[in-house]
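Notes to accompany the following structure.
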Amino acid sequence: MPPIAPLFSALVVAIALTGCASAPRVAYPGLPSATYLKAHEGSRGDRRPYAYQSNVRWSDYQRFVLEPVEIYPQPEAAFEKLSDADTRVISDHMFRAFGEALATRFEPTQQPGPRTLRVQLVLTGAKPTTRFLSTAMKFDLAGAPYNAVQSARGRPGALSGWLAYAVEIYDAQTNQLLAAYVETQYPNAMNIKASSGRLSAALTGADKGAEALMASLR
C-alpha cells in the first residue's frame with residue numbers, strides 16, 4: 001500500500017490524537033447500578049474507568065440468563081455517526097459474543113433460579129472506523145510510529161473506532177447486584193484486519209469485551 005503524503009499524514013495524526021481522547025469516560029447515571037459504580041484505575045489503558053464488585057464467589061453459580069442488549073439513551077450515550085441499523089448490528093454482535101463466552105463456563109437458561117446469574121449488557125456508545133485511512137495510517141511514515149506507540153500503551157489506533165458499554169451482573173433469584181462496570185474496548189492499534197470495515201473496530205471491541213468479562217468471573 002503506497003504511503004499517503006507526509007504533510008497530510010501528519011495532519012491526520014494530529015486529528016487522531018484528539019479523536020482518541022473522545023472515548024467516553026462516563027459513569028452513566030441512568031444505569032440501575034450507577035450508585036454502586038466507583039472510579040476504577042486498575043485496567044490498562046483506562047478501558048474500565050468505573051466498576052463495582054460485591055463479595056461474591058463466581059464458583060457458586062452454574063447457569064446464566066443473558067438479557068437482550070439495551071441501548072443507553074442520550075445525552076450521555078456517545079454514538080458517533082452511527083445509524084439505528086448500525087447500533088442494531090453492534091448490539092446483535094454483542095449478544096452473540098457475550099453469550100458464547102459465558103457458555104464456555106456457565107449453562108445458558110431462560111429461567112431465573114438458584115445458582116443462576118442474570119447478565120444485562122447496555123450499549124452506551126460506539127465510533128466507526130475511518131476506512132482506508134485507518135489502514136493506511138498503519139503503514140505510513142508518520143502514522144506507523146504513532147500506532148506503534150498507541151499499541152504499546154493499550155490505546156486506540158489513529159482513526160480507529162471503539163465500543164463503549166456497561167455490564168451489570170445480578171443474582172437471578174434474588175435480583176441482588178453482584179458486579180457492574182462500564183468499559184470501552186477497541187482493537188490493538190496495529191490490528192489491520194479490524195480497520196478494514198466501518199464497524200470492524202466496534203465488533204472487535206465486543207469480542208474483546210466478552211473475553212474481559214470472563215476474566216472478571218474468575
Side-chain angles (χ1 to χ4, degrees), residues 11-34 37 43 45-50 66-101 119-138 143 147 150 154-168 180-213:
L11 176 61
V12 171
V13 169
I15 295 172
L17 283 168
T18 303
C20 290
S22 66
R25 187 183 175 86
V26 182
Y28 302 106
L31 293 173
S33 61
L37 295 171
S43 177
D46 284 339
R47 283 194 177 97
R48 187 177 294 184
Y50 300 99
L66 182 60
E67 302 284 4
V69 178
E70 294 185 355
I71 308 298
Y72 194 87
Q74 301 289 354
E76 288 88 9
F79 296 104
E80 299 193 13
K81 300 179 181 178
L82 293 174
S83 66
D84 290 343
D86 291 332
T87 59
R88 283 194 298 272
V89 169
I90 295 170
S91 62
D92 288 348
H93 187 87
M94 282 182 67
F95 186 83
R96 288 193 300 271
F98 279 78
E100 290 172 2
V119 181
Q120 178 66 68
L121 306 175
V122 183
L123 178 58
T124 59
K127 178 183 177 181
T129 294
T130 303
R131 295 180 61 194
F132 308 119
L133 274 180
S134 178
T135 302
M137 290 287 289
K138 300 185 191 322
N147 279 314
Q150 290 293 90
R155 299 295 178 88
L159 302 178
S160 177
W162 41 256
L163 177 73
Y165 59 93
V167 177
E168 297 176 321
Y181 57 88
V182 298
E183 189 161 79
T184 301
Q185 284 285 0
Y186 37 80
N188 184 280
M190 297 302 291
N191 186 331
I192 297 172
K193 182 178 180 181
S195 66
S196 60
R198 186 168 174 271
L199 300 180
S200 295
L203 301 183
T204 299
D207 296 336
K208 294 184 67 174
E211 296 172 4
L213 170 61

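Quick note: numbers below take in every heavy atom, side chains included, and nothing from hydrogens, waters or symmetry partners.
Not one N or O on the side chain of E76 forms a donor-acceptor pair closer than 3.5 Å with the backbone of G30. Judged by distance alone, with hydrogens and angles left aside, the side-chain atoms of T184 form no donor-acceptor pair with the main-chain N or O of A164 at under 3.5 Å.
Scanning all heavy atoms of the two residues, the minimum distance from Q185 to A212 falls at NE2-CB, 3.8 Å. The two residues A210 and A97 come nearest to each other via the heavy atoms CB-O, 3.5 Å. Residue S91 comes nearest to I71 through the heavy atom pair CB-CD1, 4.1 Å, listed as atom of the first residue, atom of the second, then distance. Looking at every heavy atom in both residues, W162 comes nearest to A201 through N-CB, 4.4 Å. Nearest approach of A27 to V182, heavy atoms of both residues: O-CG1, 4.5 Å.
Taking OG1 of T204 as the start and CG of L199 as the end, the distance is 10.5 Å to the nearest 0.5 Å. Note that the NZ atom of K127 and the CG atom of L163 stand 13.5 Å from one another [nearest 0.5 Å]. Note that CZ of R48 is 11.0 Å distant from CG of L37, once rounded to the nearest 0.5 Å.
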Applying salt bridge (charged side-chain N to carboxylate O under 4.0 Å, His left out), run through R47 and E183 and close with a yes or a no. CA-CA 5 Å; R47 283 194 177 97; E183 189 161 79; over 6 Å; no
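Residue pairs meeting the salt bridge (Lys or Arg N to Asp or Glu O under 4.0 Å) criterion with at least one member in residues 81-93, sequence neighbours excluded, are D86-R198. Pairs of residues two or more places apart, or lying in two chains, never qualify as ring-ring contact (aromatic ring centres under 6.0 Å, His included) while including a residue from residues 74-94.
Residues forming a side-chain contact (heavy atoms from CB on, under 4.5 Å) with E70 (at least two apart in sequence, or on another chain): Q120, V122. Checked against ring pair (Phe, Tyr, Trp, His ring centres under 6.0 Å), Y72 has the following partners two or more places apart in sequence or in another chain: Y28. For Y181, there are no side chain to side chain donor-acceptor pair (under 3.5 Å) partners two or more places apart in sequence or in a different chain.
A side chain to side chain contact (heavy atoms under 4.5 Å, CB included) with V69 holds for exactly one of L121, T87, I90; it is L121.
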